[in-house]
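Predicted, not measured: the structure shown is a model, and the values here were computed from it. First listed ligand is number 1; within each ligand, the first listed atom is number 1. Counting from 1, the numbers follow the sequence of the chain as shown.
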Amino acid sequence: MKFEEPVIEIIKRAYNVKSFRFKKPEAFDYKAGQYITVTLNSNGKKLSKAFTLSSSPTEKDHIEFTKKLTGHEYSNILDVIKVGDNALISGPFGKMTFEGEYEKIALLGGGIGITPMISICKYSTDMKLSTDIMLICSDKTEQDMIFAEELEEMKRQNPNLAVFNTLTRASENWTGCRERICDSLILRELPDYAERVFYVCGPPPMVDSMMEMLHNMKIPDSMIHKESLIGY
Ligand SMILES: Cc1cc2nc3c(=O)[nH]c(=O)nc-3n(C[C@H](O)[C@H](O)[C@H](O)COP(=O)(O)OP(=O)(O)OC[C@H]3O[C@@H](n4cnc5c(N)ncnc54)[C@H](O)[C@@H]3O)c2cc1C
């Protein structure tokens with residue numbers, strides 16, 4: 001489906017991350033984990049990029065995508081967009097979806113790759129699913145952690161949701177984990193990892209290294225869903 005909608009809300013998530021909301025057309029159906037493409041006009045030029053939806057299909061009034069602003073061309077156009085400005089949206093696309101079909105899942109999100117995981121967590125929470133979810137988020141610094149309040153609220157509502165954060169370049173005040181996501185972290189935090197279906201999302205090098213790690217841990221491809229944020 002292709003549709004043009006004005007931005008209805010812009011939410012600053014971090015110093016370099018913003019979420020953009022649009023009214024959800026009634027006919028637009030998507031699954032948690034899917035992505036859209038967003039086309040913007042700049043000086044007569046049309047630029048398109050892919051974004052996983054950070055909203056959940058249970059949110060009937062809006063859809064949302066969340067963009068890390070990199071200082072490059074597309075980001076700079078998006079950064080000055082205002083409520084009321086139009087965007088051309090196509091979708092939904094993507095096979096990394098979750099509809100409640102598994103009893104236990106592990107979500108591995110690298111940086112902005114947390115966006116589809118937020119959709120999956122919100123969907124599971126709103127639908128009151130019994131799926132046991134462990135979300136492992138890897139970021140560089142405290143400033144890069146996004147959706148922390150939203151996840152706290154989801155954890156209050158959903159006893160089956162657990163969140164684990166690791167920061168690879170944290171300040172000295174950070175008392176939590178500082179490792180990259182690796183096999184020893186998975187063995188320690190997810191002793192039942194062999195029973196879980198894995199979802200992996202992040203920049204291509206992160207997804208490639210997670211795939212290598214999961215293969216070394218003898219997790220079959222049939223137990224892994226992934227989305228590479230190509231373009232970083
Ligand atoms: C399925 C899918 C889902 C995605 N979901 C998300 C999401 O939820 N959130 C998100 O933020 N991103 C997501 N992405 C990535 C997104 O589509 C963009 O590719 C990415 O955010 C980079 O955007 P940009 O503004 O830097 O783009 P651009 O301006 O096109 O820049 C892209 C890259 O080109 C290079 N580049 C561009 N201009 C210059 C320059 N002047 N000098 C040097 N290098 C330059 C840089 O490496 C830059 O990072 C997704 C990608 C895919 C494929």
Distance-only N or O hit between ligand 1 and [X], under 3.5 Å:
X: Tyr35; answer: no
X: Glu227; answer: no
X: Ser228; answer: no
X: Ile112; answer: no

| task | Look at the rings of His225 and Tyr102 and say which category their plane angle falls in: under 30° parallel, 30 to 60° tilted, over 60° perpendicular. | result |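 Taking Tyr102 first and then His225, their aromatic rings sit tilted (interplane angle of 30° to 60°).
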| side chain to side chain donor-acceptor pair (under 3.5 Å) partners for Lys68, two or more places apart |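 Listed in chain order: nothing, the list is empty.
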| Are Lys49 and Glu73 within salt-bridge range, i.e. N to O under 4.0 Å? |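 No salt bridge links Lys49 with Glu73.
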| field | Glu150/Arg13 salt bridge by N-O under 4.0 Å criterion | value |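 Yes, charged N to carboxylate O under 4.0 Å.
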| task | Show which atoms of ligand 1 fall inside a sub-4.0 Å distance from at least one heavy-atom site of Lys68. | result |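 Close to Lys68: 11 (O).
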| said: Tell me the protein heavy atom at minimum distance from atom 7 (C) of ligand 1, and give that distance in Å. | reply: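 Going by distance alone, atom 7 (C) of ligand 1 is nearest to Thr66 O, 3.6 Å.
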| query | Quick one: does ligand 1 sit under 4.0 Å from the side chain of Thr70, the backbone, both or neither, non-hydrogen atoms only? | reply |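 It is the side chain that touches ligand 1; the backbone stays farther off.
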| Can you tell which part of Leu229 has a heavy atom less than 4.0 Å from ligand 1: side chain, backbone, both or neither? |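 Looking at Leu229 and ligand 1, atoms from backbone and side chain both fall under 4.0 Å.
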